[in-house]
There are 2 protein chains.
Amino acid sequence: MLSKKTKYGLKALIYLARQYDKGPILIADLAQEENIPKKFLEAILLALKNNGILQSKKGKGGGYYLARSPKLITFGQAIRIMEGPLAPVPCVSETSYAKCTECGSEETCGIRIVMKDVREAMAKILDGTTLADVLEEIDKAEETQKGVLNFCI
Amino acid sequence: MLSKKTKYGLKALIYLARQYDKGPILIADLAQEENIPKKFLEAILLALKNNGILQSKKGKGGGYYLARSPKLITFGQAIRIMEGPLAPVPCVSETSYAKCTECGSEETCGIRIVMKDVREAMAKILDGTTLADVLEEIDKAEETQKGVLNFCI
DNA sequence: ATTTAGCCTATGGTTTTAGTAGACTGATTG
DNA sequence: CAATCAGTCTACTAAAACCATAGGCTAAAT
């Protein structure tokens, strides 16, 4: 399960993606708009900044904004920053491999064999989905919803 | 990341699958063989028993054994018992759905749209992989390893 | 110089994880 | 029947992770 931190972070990124090229957004506004504790959000955005996803401007007219186009930021990148590696076990992680403590031979570990597939399936989706993709999917879903609504009326 | 509890549990299940129809296995033996703290393993096996994956016999000649054929026990079943739902967010869980706290409209939530795909991909693998499958894959991997070894000699 | 708004450090509460201890119960066997 | 064996139950603890909150510091704009 994703932590609240990660969910907050993803919500913030989607919000910022929608406001892309509209200049810096205040933490306070973002927090209020998305119902996220302001101080907690500060820490999250800072982490995303320190990892190159966001940029910030201090002082009046300041705020946070995406470091690059929504087309170039993926869910995978963001989740790894906030939640850690995607891999269910460290020994199948591409981005931060580590030997499993007392897991005899790596090649013949049943857990590893299965989890390798799981990691790959997750990575394929999360590294293949950009913020721009998500905005598009949200818009599509909203259109569908509107259709349902009209149908009901 | 899988918890140690889950890894221990999976290891135990694979071990018991290999010993299937060889009668009950002692917790103590399993713990020693797989390097798992005995008391911790006790609790794990009990949970797996209470959820219908394992059965046990008390007294002399007792121990634990699979409740049914390794072909009928999947990784998905076991992981859900020890780790909880596969879904990254509760609102896409098939086995224990729950509304996400303050996630406005479910249909148009960007996080949900993506995580629905992730859950499906994971479930497809984990619910499609039985203990019997894993044993087979391990054997295959061991054959390959032996080949590598012979080649080196 | 003052205000604005992000940055940094510290702290606290709650929950989960990992593990331990010890008494209890049910089954077997001599 | 009693001794022994082996799983079951209750309780507890230490450490880590998670979810925040408080308050002062620093950089930028006017």
Side-chain angles (χ1 to χ4, degrees), chain A residues 1-12 16 23-67 79 81-85 88-90 100-102, chain B residues 1-12 16 23-67 79 81-85 88-90 100-102:
Chain A
M1 287 278 181
L2 296 181
S3 62
K4 286 202 174 191
K5 181 179 167 185
T6 301
K7 283 193 232 171
Y8 290 158
L10 290 176
K11 276 181 138 194
L16 290 174
I25 306 292
L26 295 184
I27 296 180
D29 290 355
L30 223 175
Q32 183 161 25
E33 210 69 25
E34 295 288 343
N35 276 300
I36 304 172
K38 194 195 154 201
K39 275 291 186 180
F40 196 12
L41 182 57
E42 266 185 29
I44 297 168
L45 296 182
L46 192 56
L48 290 170
K49 179 196 164 176
N50 290 335
N51 284 275
I53 303 269
L54 295 179
Q55 287 187 354
S56 66
K57 248 187 93 175
K58 284 186 177 183
K60 188 160 189 183
Y64 272 100
Y65 52 98
L66 298 187
I79 288 177
I81 290 167
M82 297 179 291
E83 194 87 357
V89 282
C100 278
T101 49
E102 74 235 325
Chain B
M1 287 280 180
L2 295 180
S3 62
K4 286 204 172 189
K5 180 178 167 184
T6 301
K7 284 193 232 171
Y8 290 158
L10 290 175
K11 277 182 135 190
L16 291 175
I25 306 292
L26 296 185
I27 296 180
D29 290 355
L30 222 175
Q32 183 161 27
E33 210 69 25
E34 295 288 343
N35 276 300
I36 303 172
K38 195 195 154 203
K39 275 293 184 178
F40 197 13
L41 182 58
E42 270 184 24
I44 297 167
L45 296 181
L46 192 55
L48 289 170
K49 179 195 165 179
N50 289 336
N51 284 274
I53 303 270
L54 295 180
Q55 286 185 355
S56 66
K57 245 188 96 177
K58 284 186 177 182
K60 188 160 190 181
Y64 272 100
Y65 51 96
L66 299 186
I79 288 177
I81 291 167
M82 296 179 292
E83 195 84 357
V89 282
C100 277
T101 48
E102 74 235 323

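Letters A, B, ... mirror the listed sequences (proteins, then strands); counts begin at 1. All figures in this text were calculated on a predicted structure; none of them were measured in a lab.
- With rounding to the nearest 0.5 Å, the separation of CD1 in B/Ile27 from CG in B/Leu46 is 8.5 Å.
- For A/Tyr8, a side-chain nitrogen or oxygen approaches OP1 or OP2 of D/dA20 to under 4.0 Å.
- The separation between B/Glu42 atom CD and C/dG22 atom P is 14 Å, rounded to whole Å.
- Rounding to the nearest 0.5 angstrom, the gap separating the CD1 atom in A/Ile81 from the CD1 atom in A/Ile53 is 4.0 Å.
- Remark: B/Asn50 CG to B/Ser56 OG distance equals 9.0 Å, nearest 0.5 Å.
- In this structure, A/Lys5 reaches the sugar-phosphate backbone alone: every heavy-atom distance under 4.0 Å involves primed, P, OP1 or OP2 atoms, never a base.
- In this entry the distance linking CG of A/Leu26 with C1' of C/dG6 reads 10 Å, nearest Å.
- When rounded to the nearest whole Å, the span between OH of A/Tyr65 and C1' of C/dA5 equals 14 Å.
- The phosphate of C/dG26 (OP1 or OP2) has no side-chain N or O of B/Lys57 nearer than 4.0 angstrom.
- Comparing B/Leu46 and A/Lys39 by the nucleotide of DNA chain D that holds the closest heavy atom to each, the one mapping nearer the 5' end is B/Leu46.
- Of the candidate nucleotides D/dG7, C/dA18, D/dT8, C/dA18 has the atom lying nearest to any side-chain atom of B/Phe40.
- Close to C/dG6, at under 4.0 Å from its OP1 or OP2, lies no side-chain N or O of A/Lys38.
- Between the CD atom of B/Gln55 and the P atom of D/dT8 there is a distance of 11 Å, rounded to whole Å.
- Here D/dG7 presents its P atom at 10 Å from NZ of B/Lys49, a figure rounded to the nearest Å.
- Atom CD of B/Glu83 and atom NZ of B/Lys5 lie 8.5 Å apart (nearest 0.5 Å).
- Taking atom NZ of A/Lys58 as the reference point, atom P of C/dG6 lies 10 Å away to the nearest angstrom.
- Taking atom CG of residue B/Leu48 and atom P of nucleotide D/dT8, one finds them 11 Å apart after rounding to whole Å.
- Here the nucleotide nearest the side chain of A/Lys4, chosen from C/dG6, D/dA6, D/dA20, is D/dA20.
- In this model, the phosphate group of D/dT8 is approached by a side-chain N or O of B/Ser56 to a distance below 4.0 Å at OP1 or OP2.
- Nucleic acid contact for A/Leu45: none, since no nucleic acid atom lies under 4.0 Å from a heavy atom of the residue.
- A straight line from CG of B/Leu41 to P of D/dT8 spans 11 Å, rounded to a whole angstrom.
- Here the CG-CG distance, from B/Leu66 to B/Leu16, works out to 5.5 Å after rounding to the nearest 0.5 Å.
- Comparing D/dT30, D/dT8, C/dC7 by their closest approach to the side chain of A/Lys60 singles out D/dT30.
- Of the residues near DNA chain D, A/Gly59 and A/Thr6, the one whose nearest nucleotide (by heavy atom distance) lies more toward the 5' end is A/Thr6.
- Comparing D/dA28, C/dT20, C/dG26 by their closest approach to the side chain of B/Pro37 singles out C/dT20.
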